[in-house]
2 protein chains.
Amino acid sequence: MNLSETEENYLKALYYICTDGDAAASTNAISARLETSAASVSDMIKRLADKDLVIYEKYKGAFLSKKGKTIAVGLVRKHRLWEFFLVDKLGFRWDQVHEVAEQLEHVKSPELILKLDQFLGFPKSDPHGDPIPDAAGNIQRLALRKLSSFSENDELILMGVSDSSVEFLQYLNQQGLNLGAKVKLGSKFPFDQSQELHLENKLKVVISLHVANSLLVKKVNS
Amino acid sequence: MNLSETEENYLKALYYICTDGDAAASTNAISARLETSAASVSDMIKRLADKDLVIYEKYKGAFLSKKGKTIAVGLVRKHRLWEFFLVDKLGFRWDQVHEVAEQLEHVKSPELILKLDQFLGFPKSDPHGDPIPDAAGNIQRLALRKLSSFSENDELILMGVSDSSVEFLQYLNQQGLNLGAKVKLGSKFPFDQSQELHLENKLKVVISLHVANSLLVKKVNS
DNA sequence: GTTAATACTTAAGTTAGTTTCACTTTGGTA
DNA sequence: TACCAAAGTGAAACTAACTTAAGTATTAAC
C-alpha cells in the first residue's frame with residue numbers, strides 16, 4: 001500500500017478527529033483540519049474508502065477501517081519519534097518541532113524508524129507528553145489529569161499538554177513550565193479561577209483557568 | 001523560492017551531470033538520470049529557466065545558473081549529511097543509505113540542517129567518501145586518486161568510491177574493503193590487469209581493474 | 001550538399017489533487 | 001410535518017508533472 005503524502009495526511013486527520021470525538025468525522029471537520037475545501041474531502045474520502053482504509057457513508061461522515069487505523073498509528077509513531085529526536089538530540093525547543101516532524105513523518109522506510117527508535121532509547125512519550133506508539137502499534141495510555149482537577153498543596157509533575165499550539169508552548173517556556181517540572185499548587189483566586197503555582201526554583205507563577213485545563217500532570221510519587 | 005520535490009530533483013541531476021561532464025547537460029542525459037521521458041525534461045527545463053535557475057538554449061542543452069547551483073549544492077549537502085547520520089548514528093551500512101537520504105534531503109528546514117551538522121560534529125565527508133559542502137556551499141576538494149594509478153608495495157588508505165551503486169558497495173563490504181581501511185598493493189596480473197591487495201588482517205584479496213578504477217585512495221602518511 | 005539517424009521540442013491527452021459553484025440531503029424548529 | 005439553514009456532494013475546470021505521438025533541428029555519412 002503505497003500512499004501519497006496527501007492520502008497519509010487525510011488518514012492522520014481522521015485518526016485525530018475520531019479519537020477525541022469518537023463519532024465518525026464529518027466532512028467539514030476534516031476540511032477544517034486540513035485547510036482544504038469540503039468538496040476535496042468528499043472526493044478523497046471516497047478514494048480512501050475504495051482502498052478500504054476508510055469506512056464512509058454519504059452524508060454520514062467517515063472513520064478509519066482497521067487497516068487505515070494501523071497506517072495512521074504508524075504515522076503518529078513516526079511523527080512523535082522525530083519530535084523526540086529533534087528536541088533530545090538536536091536541541092530544538094518543544095514549540096519548534098511540529099512543522100519539521102510533519103515533513104519527516106512522510107519519509108518511507110520502516111527500517112529507519114526501527115533504528116531511530118533504538119537510537120533514541122525507545123522513548124515512551126514525545127516532547128509534549130503525548131505517548132509514542134510502539135512498533136506493534138500499541139499506545140501506552142498515560143493516566144494523566146488536568147492540573148485544574150487538583151487542590152491546594154498538591155505536588156505535581158508536568159507530564160503533557162492538551163494544547164500543542166506554538167503560542168501556548170512558548171508561553172509555558174517563558175514561565176519556566178517545562179515538561180518534567182515539579183510544581184506545588186498555591187491558592188486559587190475564586191473571582192477568575194486563576195491559580196498560584198510554586199516552582200522548584202522558589203519562583204511563583206499565576207496561571208489562568210485555561211492554562212490549568214491545558215496542563216496534564218501526575219501527582220509526585222504516584 | 002519554494003520548489004517542489006521534482007524541481008529539486010531536476011536541479012540535482014543537472015548538478016551531477018554538469019560537474020562530471022562540464023559541458024551543458026543534454027535533454028537525454030537528464031531524462032536517463034531521472035528515468036523520465038525527454039519530453040518531460042524539455043518541459044521542466046523550460047520552467048526552471050523561467051525561474052532563472054537554469055540557463056537553457058533550445059537544442060543546445062541546459063546548465064545551472066548561479067542561483068540554481070546554490071540550491072543544488074544545498075541539496076547535496078543535505079543528502080550527504082543525512083547519509084552520514086544514518087551510518088554514524090543509526091548504524092546503517094553504507095550501501096543502505098542512498099534511497100532514504102534521497103527522501104530526507106527534501107525536508108525543508110534550514111534550521112534542521114544547521115543543527116544536524118552540529119550534532120554530527122561538522123563531518124567533512126559522507127560514508128562513500130564524497131565531500132560534504134559546508135553551510136556556505138564551499139566544497140572541500142579532496143585530492144583523491146584511483147587505486148589503479150599506484151604501484152606494487154604502495155600503502156594506501158581507502159578514502160572513497162567513484163561508483164556508489166548498491167551492488168558495488170555490497171561487494172566491497174564482503175571483501176572487507178571499508179572506508180578508512182589500510183591496504184598494501186600486491187602483484188598485478190598482466191593478462192587481465194587484476195591486482196592483489198593485502199589487508200591489515202593479513203588477508204589477501206584480488207580485485208579486477210574495474211574495481212581498482214572505482215576505489216579512491218590516498219597514500220598512507222600523505 | 002543531400003540524406004538518414006539521432007536528438008529535441010511541441011502538442012495533446014492523463015492523473016492526482018485541488019478549487020468554485022450549483023445542487024441535494026439532513027435535521028432542528030415552529 | 002413542513003421548511004430552511006447548514007452540511008455535504010457532484011460537476012466542471014485548473015495545475016503540476018507526466019506520457020505518447022508527431023513534427024522539427026542537428027549531426028554524421030556519403
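Just so we're on the same page: letters track the sequence lines, and every chain starts at 1.
Classified by interplanar angle (parallel below 30°, tilted 30° to 60°, perpendicular above 60°), the ring pair B:F168/B:H210 is perpendicular.
Proximity of B:Y10 to the phosphate of D:dC18: a side-chain N or O atom is located under 4.0 Å from OP1 or OP2. A sub-4.0 Å separation between OP1 or OP2 of D:dT19 and a side-chain N or O of B:S40 is present. OP1 or OP2 of D:dT9 has at least one side-chain nitrogen or oxygen of A:T27 nearer than 4.0 Å. Not one side-chain nitrogen or oxygen of A:Y59 sits closer than 4.0 Å to the OP1 or OP2 atom of D:dG10. The side chain of B:S26 places no N or O atom within less than 4.0 Å of a non-bridging phosphate oxygen (OP1 or OP2) of C:dA7. OP1 or OP2 of C:dC8 lies within a sub-4.0 Å distance of a side-chain N or O belonging to B:N28. Within the structure, every side-chain polar atom (N or O) of B:S42 is placed at least 4.0 Å from both OP1 and OP2 of C:dT10. The phosphate of D:dG10 (OP1 or OP2) has a side-chain N or O of A:K58 nearer than 4.0 angstrom.
For A:A39, counting side-chain heavy atoms from C-beta on, the closest listed nucleotide (C:dT18, D:dG10, D:dT19) is D:dG10. Relative to the side chain of B:S37, the nucleotides D:dT19, C:dT9, D:dT9 differ in distance, and D:dT19 lies closest. Out of D:dG8, D:dA17, C:dA11, the shortest distance to the side chain of B:S4 is found at D:dA17.
Rounded to an integer number of Å, the gap from B:I30 CD1 to C:dT9 P is 9 Å. Regarding B:I45, its CD1 atom lies at a distance of 11 Å from the P atom of D:dC18, rounded to whole Å. D:dA17 atom C1' lies 14 Å from atom NZ of B:K46, rounded to whole Å. We find that CG of A:L34 is positioned 16 Å from C1' of D:dG8, with the value rounded to whole Å. Following rounding to the nearest Å, B:D43 (CG) and C:dA7 (P) show an atom-to-atom distance of 20 Å. Here the P atom of nucleotide C:dA7 and the NZ atom of B:K60 are 16 Å apart, to the nearest Å. Atom CE in A:M44 sits about 16 Å away from atom P in D:dG10, given to the nearest Å. Straight-line distance from the CD atom of A:E7 to the P atom of C:dA16: 9 Å, rounded to whole Å.
Remark: the backbone N or O of B:P131 is paired with a side-chain donor or acceptor of B:R80 at under 3.5 angstrom.
Both tests do not hold together for A:K89 against B:F85: distance to the six-membered ring centre under 6.0 Å, angle to the ring axis within 45°.
Nucleic acid contact class of A:T6 (heavy atoms, under 4.0 Å, all strands): sugar-phosphate only.
Between B:W94 and B:D126, the side chains place no donor N or O within less than 3.5 Å of an acceptor N or O (distance only, hydrogens not considered).
Taking a cutoff of 4.0 Å between a charged side-chain nitrogen and a carboxylate oxygen, A:D50 and A:K46 do not qualify as a salt bridge.
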